[in-house]
Engineer: 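Okay, here's the structure, questions in a sec.
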2 protein chains.
Amino acid sequence: MNSTNGGKKLSIRLDGASGVPFYRQIIQQIEQAILSKRLLPGDRLPTIRSLAIELKINPNTIAKAYNELEIRGIVVTQVGSGTYVSDKEIDMAENERQKKIEESIARFLREMDALGVLKSEIPRLIREFKEEE
Amino acid sequence: MNSTNGGKKLSIRLDGASGVPFYRQIIQQIEQAILSKRLLPGDRLPTIRSLAIELKINPNTIAKAYNELEIRGIVVTQVGSGTYVSDKEIDMAENERQKKIEESIARFLREMDALGVLKSEIPRLIREFKEEE
DNA sequence: AAAATTGTACTATATGAATAGTACAAATGG
DNA sequence: CCATTTGTACTATTCATATAGTACAATTTT
């Protein structure tokens, strides 16, 4: 399989103080890169080892991130060759996005309901919302 | 201090399979009872021990819940006497509610933004949202 | 076919959260 | 005042999660 990887298409940056696990940060940044088309279908992700060395963390942490991405259908891995952005990645990423949007709305509405906010007043609350503090 | 506790004003129900920690369930149900006026200012909460026995969990778990409620200003504790709904409880509970609403909106808008959803299309998305599946 | 490169599997360690166990200290109430 | 009742403090246990260490298996590359 094509394993020529033309330089850094992806540069991951980890924040060890954020409290967010490394593997989650990796997943998120790769998803982001795909959504923003910096990564395209067929693109090869960095080797587990190379990324591990570059980020100075354990290879298994990268593997964990790649595995979760594979389960979601966003990437495809081939032992001995590498991990590649799935050909269907655009659809998957878009599906993920739709799903996330729906989940986010569902949770938000649940929270509002639990707090006794009527659905009818939600638009106004959002409209009037300003980043205070 | 007045320690006459006229029977069960409060009946806590724990769900051990929900994944939500016991002390969080307790906090939430007490807050709920206050918001819905089933608990009024000055009302005495069940003794840490009595609740522990009733719910068959460790007294420290109740204590943890009561402590968090005290930190939030929702209840007041007096060693040797008991834990009481704060006189300012209504205000505090209402403040908490407002704060929660704002936090919930803030987070929701952040999520929508991260997902590339324009603020202008949010009302439509909410309006069209149906519990699917 | 051999060597190198890739992801995988399994185990170990560290950490934090939740809960429990047990002893203590303060206030009440007769 | 003394016994009881109340919340508190400290420690231990359990459990899940995140990360690391090390050896392995599949594929590629030459």
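Per chain, numbering begins at 1; letters A, B, ... match sequence-line order.
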Engineer: Could you give all pairs that pass the salt bridge (charged side-chain N to carboxylate O under 4.0 Å, His left out) test and reach residues 58-71 of chain A, with sequence neighbours left out?
Structural biologist: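 Listed by first then second residue: A:Arg24-A:Glu68, A:Glu68-A:Arg72.
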Engineer: Please write out the pairs of protein N or O atoms and N or O atoms of nucleotides 10-16 of chain C separated by less than 3.5 Å, giving the distance to one decimal.
Structural biologist:
unit_1 : atom_1 : unit_2  : atom_2 : d
C:dC10 : N4     : A:Asn60 : ND2    : 3.4

Engineer: Of all residues at least two apart in sequence or in a different chain, which pass the salt bridge (Lys or Arg N to Asp or Glu O under 4.0 Å) check with B:Arg38?
Structural biologist: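 Checked B:Arg38 against salt bridge (Lys or Arg N to Asp or Glu O under 4.0 Å); zero matches.
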Engineer: Specify the separation, in whole Å, of atom OH of A:Tyr23 and atom C1' of D:dT17.
Structural biologist: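 To the nearest whole Å, that distance equals 7 Å.
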Engineer: Take the protein atom NZ of A:Lys56 and the nucleotide atom C1' of D:dT19, then report the distance between them rounded to whole Å.
Structural biologist: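 Distance check: A:Lys56 NZ to D:dT19 C1' gives 17 Å.
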Engineer: Is any side-chain nitrogen or oxygen of A:Thr61 closer than 4.0 Å to OP1 or OP2 of D:dA18?
Structural biologist: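 Checking A:Thr61 against D:dA18: no side-chain N or O falls below 4.0 Å of OP1 or OP2.
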Engineer: Going by ring-ring contact (aromatic ring centres under 6.0 Å, His included), name the residues that satisfy it together with A:Tyr23, two or more places apart in sequence or in a different chain.
Structural biologist: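 None.
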Engineer: With sequence neighbours left out, what residues match A:Phe22 under ring-ring contact (aromatic ring centres under 6.0 Å, His included)?
Structural biologist: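 Applying ring-ring contact (aromatic ring centres under 6.0 Å, His included) to A:Phe22 gives none.
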Engineer: Could you give the CD1-to-P distance, from B:Ile62 to C:dT19, as a whole number of Å?
Structural biologist: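 Taking atom P of C:dT19 as the reference, CD1 of B:Ile62 is at 10 Å.
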Engineer: For residues A:Leu125 and A:Leu115: do they belong to one hydrophobic cluster (side chain heavy atoms under 4.5 Å, members Ile, Leu, Val, Met, Phe, Trp, Tyr)?
Structural biologist: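 Result: yes, single cluster for both.
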Engineer: Sub-3.5 Å donor-acceptor pair from the side chain of A:Gln25 to the main-chain atoms of A:Val20, do we have one?
Structural biologist: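 Yes, the answer is positive, given that a donor and an acceptor are paired below the 3.5 Å cut-off.
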Engineer: Run the side-chain hydrogen bond (donor to acceptor under 3.5 Å, both in side chains) test against B:Lys100 and tell me which residues pass, sequence neighbours left out.
Structural biologist: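 With neighbours one apart ignored, the set is B:Glu31.
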Engineer: Can you tell me how far P of D:dA18 sits from CG of A:Leu55, to the nearest Å?
Structural biologist: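 In whole Å, D:dA18 P lies 17 Å from A:Leu55 CG.
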Engineer: Tell me: CD of A:Glu68 to C1' of D:dT17, nearest whole Å?
Structural biologist: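 One finds 13 Å between C1' of D:dT17 and CD of A:Glu68, rounded.
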Engineer: For DNA chain C, please output the secondary structure as dot-bracket, reading 5' to 3'. Pairs are Watson-Crick or G-U wobble, both atom distances under 3.5 Å; mark crossing pairs with [ ], other-strand partners with |, unpaired with a dot.
Structural biologist: ||||||||||||||||||||||||||||||
Engineer: Which residues pass the side-chain hydrogen bond (donor to acceptor under 3.5 Å, both in side chains) test with A:Arg49, sequence neighbours left out?
Structural biologist: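 side-chain hydrogen bond (donor to acceptor under 3.5 Å, both in side chains) check on A:Arg49 returns nothing, list empty.
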Engineer: D:dA23 P sits how many Å from A:Asn58 CG, rounded?
Structural biologist: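 That distance rounds to 14 Å.
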Engineer: Going by side-chain hydrogen bond (donor to acceptor under 3.5 Å, both in side chains), name the residues that satisfy it together with A:Asp43, two or more places apart in sequence or in a different chain.
Structural biologist: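 Once residues adjacent in sequence are excluded, the partners of A:Asp43 under the side-chain hydrogen bond (donor to acceptor under 3.5 Å, both in side chains) criterion are A:Lys9.
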Engineer: Which residues satisfy the side chain to side chain contact (heavy atoms under 4.5 Å, CB included) test with B:Leu118, sequence neighbours excluded?
Structural biologist: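 For B:Leu118 the side chain to side chain contact (heavy atoms under 4.5 Å, CB included) partners, ignoring immediate neighbours, are B:Ser120, B:Glu121.
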Engineer: I want to check one thing: is the phosphate of C:dT19, taken as OP1 and OP2, less than 4.0 Å away from some side-chain N or O of B:Lys64?
Structural biologist: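 No.
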Engineer: Between C:dA17 atom P and B:Ile27 atom CD1, what is the distance in whole Å?
Structural biologist: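 Those two atoms, CD1 and P, are 14 Å apart.
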Engineer: Which letters describe nucleotides 2-7 of chain C, given B = protein heavy atom under 4.0 Å from base, S = only from sugar-phosphate, - = neither?
Structural biologist: ----BB
Engineer: Measure CZ/B:Phe22 against P/D:dT14 and give the value in whole Å, please.
Structural biologist: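 In whole Å, D:dT14 P lies 17 Å from B:Phe22 CZ.
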Engineer: Taking only residues two or more places apart in sequence or in another chain, which ones pass side-chain hydrogen bond (donor to acceptor under 3.5 Å, both in side chains) with B:Gln32?
Structural biologist: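 So B:Gln32 forms no side-chain hydrogen bond (donor to acceptor under 3.5 Å, both in side chains) with any residue.
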